[in-house]
Visitor: 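Take a look at this one; I'll ask things after.
Note that this is a predicted model, so its numbers are computed, not measured.
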Amino acid sequence: MAGRELLHSVVIAAPIGAVWAELTKLDGKQRAMMDAVLDSDLRAGAPLYYRPADGTRVFVVGRVVEVDPPRPLSHTQRRTMRDDPWTLVTWELSEVAGGTRVTARRRRSWPRSSRSWKPVTSAPRSRSSTR
């Protein structure tokens with residue numbers, strides 16, 4: 001399965017700026033990443049970490065590849081709890097009737113990861129749609 005791409009897309013009933021703010025929030029829980037806290041400068045080449053709210057460990061490490069508000073955010077990542085390989089994640093946002101389409105692309109090389117993306121793309125819809 002090396003090099004296979006996972007693609008998930010959802011429309012969130014919120015303006016593109018609000019969805020971007022949630023995906024790139026640095027001062028609180030990251031709803032799109034199962035309430036982890038994002039730690040990064042969010043500029044190309046900067047390191048990126050996802051930690052629990054208490055900061056006791058790091059769940060995901062990576063590096064920002066591209067950031068261009070409010071549309072694409074790309075970063076590498078590797079989960080630290082497993083012996084996972086590096087993968088590239090790209091969040092694409094586009095304005096559509098009724099809100100914002102969020103498309104998450106992930107180049108993967110391990111078969112078990114596909115189950116984890118449905119909750120990741122569902123979480124912002126349920127929480128960001130309340131204004």
Visitor: Just wondering, do Pro85 and Arg78 contact through their side chains at under 4.5 Å, heavy atoms?
Guide: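 The answer is no, as the side chains (C-beta and beyond) never meet within the 4.5 Å cut-off.
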Visitor: Going by the rule side chain to side chain contact (heavy atoms under 4.5 Å, CB included), which residues pair with Thr24 if we only count those two or more places apart in sequence or in a different chain?
Guide: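 Thr24 satisfies side chain to side chain contact (heavy atoms under 4.5 Å, CB included) with Trp20, Leu42, Leu73 once adjacent residues are dropped.
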Visitor: Mind checking side-chain hydrogen bond (donor to acceptor under 3.5 Å, both in side chains) for Lys29 and listing every partner two or more places apart, or none if nothing turns up?
Guide: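 Lys29: no side-chain hydrogen bond (donor to acceptor under 3.5 Å, both in side chains) contacts found.
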Visitor: Which value, rounded to the nearest 0.5 Å, describes the distance between Arg63 atom CZ and Gln77 atom CD?
Guide: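 Between atom CZ of Arg63 and atom CD of Gln77 there are 14.5 Å.
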Visitor: For Trp91 and His75, run side chain to side chain contact (heavy atoms under 4.5 Å, CB included): C-alpha distance rounded to whole Å, both residues' side-chain angles, the deciding distance at 0.1 Å, then the answer.
Guide: CA-CA 9 Å; Trp91 297 91; His75 58 86; 3.7 Å; yes
Visitor: Transitively linked via ILVMFWY side-chain contacts under 4.5 Å: Leu7 with Val65?
Guide: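 In one cluster: no.
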Visitor: Are Val37 and Phe59 joined in one hydrophobic group, where the rule is that I, L, V, M, F, W and Y side chains link up if heavy atoms are under 4.5 Å apart?
Guide: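 No: no chain of side-chain contacts under 4.5 Å links Val37 to Phe59.
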Visitor: Going by distance alone, is a donor N or O of one side chain under 3.5 Å from an acceptor N or O of the other, for Ser9 and Arg101?
Guide: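 Yes, side-chain donor-acceptor contact under 3.5 Å.
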Visitor: Does the pair Asp39 and Leu48 meet the rule for a side chain to side chain contact (heavy atoms under 4.5 Å, CB included), with working shown?
Guide: CA-CA 6 Å; Asp39 179 9; Leu48 175 138; over 6 Å; no
Visitor: Are Val102 and Tyr50 connected in the hydrophobic side-chain network, where two residues link if heavy atoms are under 4.5 Å apart?
Guide: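 Both belong to a single hydrophobic cluster.
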Visitor: For the CG atom of Asp27 and the CG atom of Leu38, what is their distance to the nearest 0.5 Å?
Guide: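 These two atoms lie 10.0 Å from each other.
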Visitor: Is a salt bridge present between Arg105 and Glu92, judged by a nitrogen-to-oxygen distance below 4.0 Å?
Guide: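 Salt bridge: yes.
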Visitor: From Asp68 CG over to Ser74 OG, what is the distance, rounded to the nearest 0.5 angstrom?
Guide: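 Reported to 0.5 Å precision, the distance equals 10.5 Å.
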Visitor: So do the side chains of Glu66 and Arg43 get within less than 4.5 Å of each other, counting heavy atoms only?
Guide: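 No - every pair of side-chain heavy atoms lies 4.5 Å or more apart.
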